Amino acid sequence: VVERLSQLANTVEEQERASLERAAYAMIEQHDAQGARKILLEAVEAASSSASVWNMLNLVAEQTHDLDLLQRTIKLRASLSDNSTWSGLLLVELAALRHEVGGFEEALEALDQVIEAAGPITFNALEMLERLSFTQHQHEILSRALVSKASLLDRATRSEEHTSELQSPC
């Protein structure tokens with residue numbers, strides 16, 4: 001049935017749906033994560049801006065412990081999002097993952113994106129920056145994170161307008 005759905009798909013949206021159905025069938029019914037991965041990678045080549053396909057590919061990457069693919073999917077999902085809170089959360093997750101695999105500099109790049117955006121996840125990004133720089137004994141970066149957090153806290157206590165910068169969306 002899912003193969004027939006692919007054969008009958010005429011539009012990009014129908015092809016995307018068929019790929020998602022085939023990948024879900026491969027994952028759930030056939031217990032074939034690699035098959036699902038292949039289907040989804042083909043689908044993102046055809047429709048690279050499909051959030052649904054990237055989300056499912058993210059799930060496959062997590063289940064197969066493919067950290068390179070996981071980093072790629074998180075980064076792309078963040079870039080596809082119009083929601084600064086969501087993209088900020090994804091970039092903080094990406095930073096943690098990059099640090100976990102030994103990419104401290106790459107983790108900093110992701111966190112800097114969030115901090116420079118000065119959105120609702122800024123404080124979360126500064127907390128992650130503090131933790132990562134502490135574990136790496138990067139005292140200058142740690143100092144920058146602590147000063148920035150103190151500045152945010154000071155502004156928030158002086159003005160309700162800045163209080164939202166400290167609220168966690170979770």
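Numbers here are sequence positions counted from 1. Predicted model only: the values in this text are computed from it and were never measured.
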Supply the atom-to-atom distance Arg22 CZ to Met27 CE, rounded to the nearest 0.5 angstrom.
14.5 Å
Test item: Ile141 and Gln136 side chains (from C-beta on) under 4.5 Å apart, heavy atoms
no
Might you point out which heavy atoms bring Arg37 and Leu57 nearest each other, and give the distance in Å?
O-CD1, 4.2 Å
Test item: Glu16 and Ser52 side chains (from C-beta on) under 4.5 Å apart, heavy atoms
yes
Check whether any side-chain heavy atom of Thr135 lies under 4.5 Å from a side-chain heavy atom of His99, and answer yes or no.
yes
Check against salt bridge (charged side-chain N to carboxylate O under 4.0 Å, His left out), Arg72 and Asp68:
CA-CA 6 Å; Arg72 180 177 166 210; Asp68 290 334; over 6 Å; no
I would like to know whether Thr85 and Ile121 meet side-chain contact (heavy atoms from CB on, under 4.5 Å); could you show each step before the answer?
CA-CA 6 Å; Thr85 301; Ile121 305 301; 3.7 Å; yes
Nearest non-hydrogen partners of Ser133 and Glu130, listed with the distance:
OG-O, 3.2 Å
N/O donor-acceptor pair under 3.5 Å between Ser143 side chain and His139 backbone:
no
First locate atom CD of Gln71, then atom CZ of Arg98, and finally report the distance between them rounded to the nearest 0.5 Å.
6.0 Å
Test item: Ser148 side-chain N/O and Ala145 main-chain N/O as donor-acceptor pair under 3.5 Å:
no
Quick one: OG1 on Thr73 to CG on Leu59, what's the gap to the nearest 0.5 Å?
10.0 Å
Would Leu142 end up clustered with Leu126 when hydrophobic side chains under 4.5 Å apart are linked, directly or stepwise?
no
Closest heavy-atom pair and its distance - His31, Ile28
CE1-O, 3.4 Å
So Leu129 and Arg144, side-chain contact (heavy atoms from CB on, under 4.5 Å) or not? Walk me through it.
CA-CA 9 Å; Leu129 182 61; Arg144 182 184 111 202; 3.5 Å; yes
Does the side chain of Ser19 reach to within under 4.5 Å of the side chain of Val53, using non-hydrogen atoms?
no
Which atom names give the shortest non-hydrogen contact between Ile115 and Ala125, and what distance separates them?
CG1-CB, 3.8 Å
Do Leu76 and Leu41 land in one hydrophobic cluster if side-chain heavy atoms of ILVMFWY residues count as linked below 4.5 Å?
yes
Looking at NZ of Lys75 and CG of Leu90, how far apart are the two atoms once the value is rounded to the nearest 0.5 Å?
13.5 Å
What about Leu69 and Leu94, same hydrophobic cluster or not, with Ile/Leu/Val/Met/Phe/Trp/Tyr joined at side-chain heavy-atom distances under 4.5 Å?
no
Measuring from atom CG of Leu40 to atom CG of Leu20, what distance do you get when rounded to the nearest 0.5 angstrom?
6.5 Å
side-chain contact (heavy atoms from CB on, under 4.5 Å) between Asp32 and Gln34, worked out:
CA-CA 5 Å; Asp32 181 11; Gln34 293 306 321; 4.0 Å; yes
Cluster link Leu97 to Phe134, ILVMFWY, side chain under 4.5 Å:
no
Can you give me the closest heavy-atom contact between Ala26 and Gly35, atom names plus distance?
CB-C, 4.4 Å
Co-membership, hydrophobic cluster, residues Trp86 and Val114, 4.5 Å side-chain:
yes
Phe123 versus Met128: any side-chain heavy-atom pair under 4.5 Å?
no
dist Ser79:OG -> Ile74:CD1 (nearest 0.5 Å) comes out at 12.0 Å
Any side-chain to backbone donor/acceptor pair from Ser81 onto Ala78? Under 3.5 Å, distance only.
no
Should we say atom CD of Glu140 is surrounded by more than 12 heavy atoms from elsewhere, each under 6.0 Å from it?
no
